[in-house]
Structures are given as C-alpha cells and as structure tokens.
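Counting convention: from 1, in listed order, for ligands and their atoms alike.
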Amino acid sequence: MPVGKDQLPHLELTRELARRFNSLYRPVFPDPQEHLTKFAKVLGTDGRKMSKSYGNAINLSDTEPVVRPKIKTMITDPARVRRHDPGNPDVCPVYDFHKIFSPLPVIEQVNQDCRKAAIGCIDCKKLVADRVVERLAPMWAARATLTQHPSRLDEIAEDGRRRATAVSSQTMAEVRDAMKI
Ligand code: SF4
C-alpha cells in the first residue's frame, strides 16, 4: 500500500483488523504492507511537518509564480547567518528538496559547496526551484487540460468507481461467504 510515514499507524490498525478477521473466520484479507518511497517524509518550507494548515506546503495545484517564492523563502541551516559562513546541508530543508528533485551530481556539488560556503543559499534555492518547476510542469499541463474538459474528470472518476466496485464486490462476497451470512 503506498503510504507516507504519517499513515503507518493507520496501516497498523488495518493490519490488525485483517489479521483478526482472518483468524476468526478464514484467510480473506492479505496482510497489508507499506510501500514507502525513498522519501517517505517531506518537510514543509519552514522545516516543520508539511501541512496546508501551517501554510508551508508546496501544493500540486500551485503554479510556477507561487512555487518559486515559496522556495525562495524556505528556511535553511539556521547556523549559516552570513554568506561566507559554511553551512550544514544535513539540517537544511532546501537540501532535502535537492535530494528529492535534483540529479545526483547537483546533490553532491551542493553538499560540498554548502560546507565550504562556495554557494549562497539564494543560488542554492534557485537551483532546486528550477528542478521542482521542471518536475511539476507536466502536472500543471495535465491539470490545465482537465480543467478545460471537466467531463473527462467525470469519466476518470467513473472508471475508478467501476474498477473499485468490481474488486470490493468480490471481496465482500468472500467476506460474507467466510462469515456464512
Ligand atoms: S547552501 Fe543550500 S543546502 Fe546549504 S544551507 Fe544554504 S540552502 Fe541549505
């Protein structure tokens, strides 16, 4: 099951329920396992948990003119006060973004340059903002297309509903059979 780290307690609850049912009746439910991505947790632009309510999130619905200023105002290594102070990328949320969005040579370069103050935070943020924009641009384009054709959204939702119903009906039939109801 694709989840972020925050959802692991919910998954544990689901696992408990599945195991309980399987042991009470017969094995119907597979043991739910988490599929965490390499970056199961992405912090917000202020270094706290990313959350809409904190106003520190980069939303998929944000446009380029929204995303760039958000990245520009991201917090960095708090100990790096002046441009010539060496930084520590390990405590910097901007560097975390590099690890997600930038190619390996850039990640390594930033890591070295930050530690010897060979790169400034403004340039570092610009580098990562370019990568974020590059990654999100296809989603923005797809979103724009769908917004112009709302009926396509209905079709996608209907297709999903049909496929989910097919699977859930089959599972519920097995559940009723196992419970003899
Ligand atoms: S140079 Fe980059 S990684 Fe280093 S503190 Fe500044 S923003 Fe963070």
Only one of Glu155, His149, Gln148 clears side-chain hydrogen bond (donor to acceptor under 3.5 Å, both in side chains) with Arg152; which? Glu155

Using the side chain to side chain contact (heavy atoms under 4.5 Å, CB included) rule, pick out the option among Val94, Asp96, Ile100 that qualifies with His98. Val94

Which residues and atoms, protein N, O or S only, are under 2.8 Å from atom 6 (Fe) of ligand 1? Cys121 SG

Under a 3.5 Å distance rule, please check whether Asn56 uses its side chain to pair with a backbone N or O of Lys49 as donor and acceptor. yes

Are Arg20 and Glu16 within salt-bridge range, i.e. N to O under 4.0 Å? no

Between Arg115 and Asn88, is any pair of side-chain heavy atoms under 4.5 Å apart? yes

Ile156, CD1: over 12 other non-hydrogen atoms inside 6.0 angstrom: yes

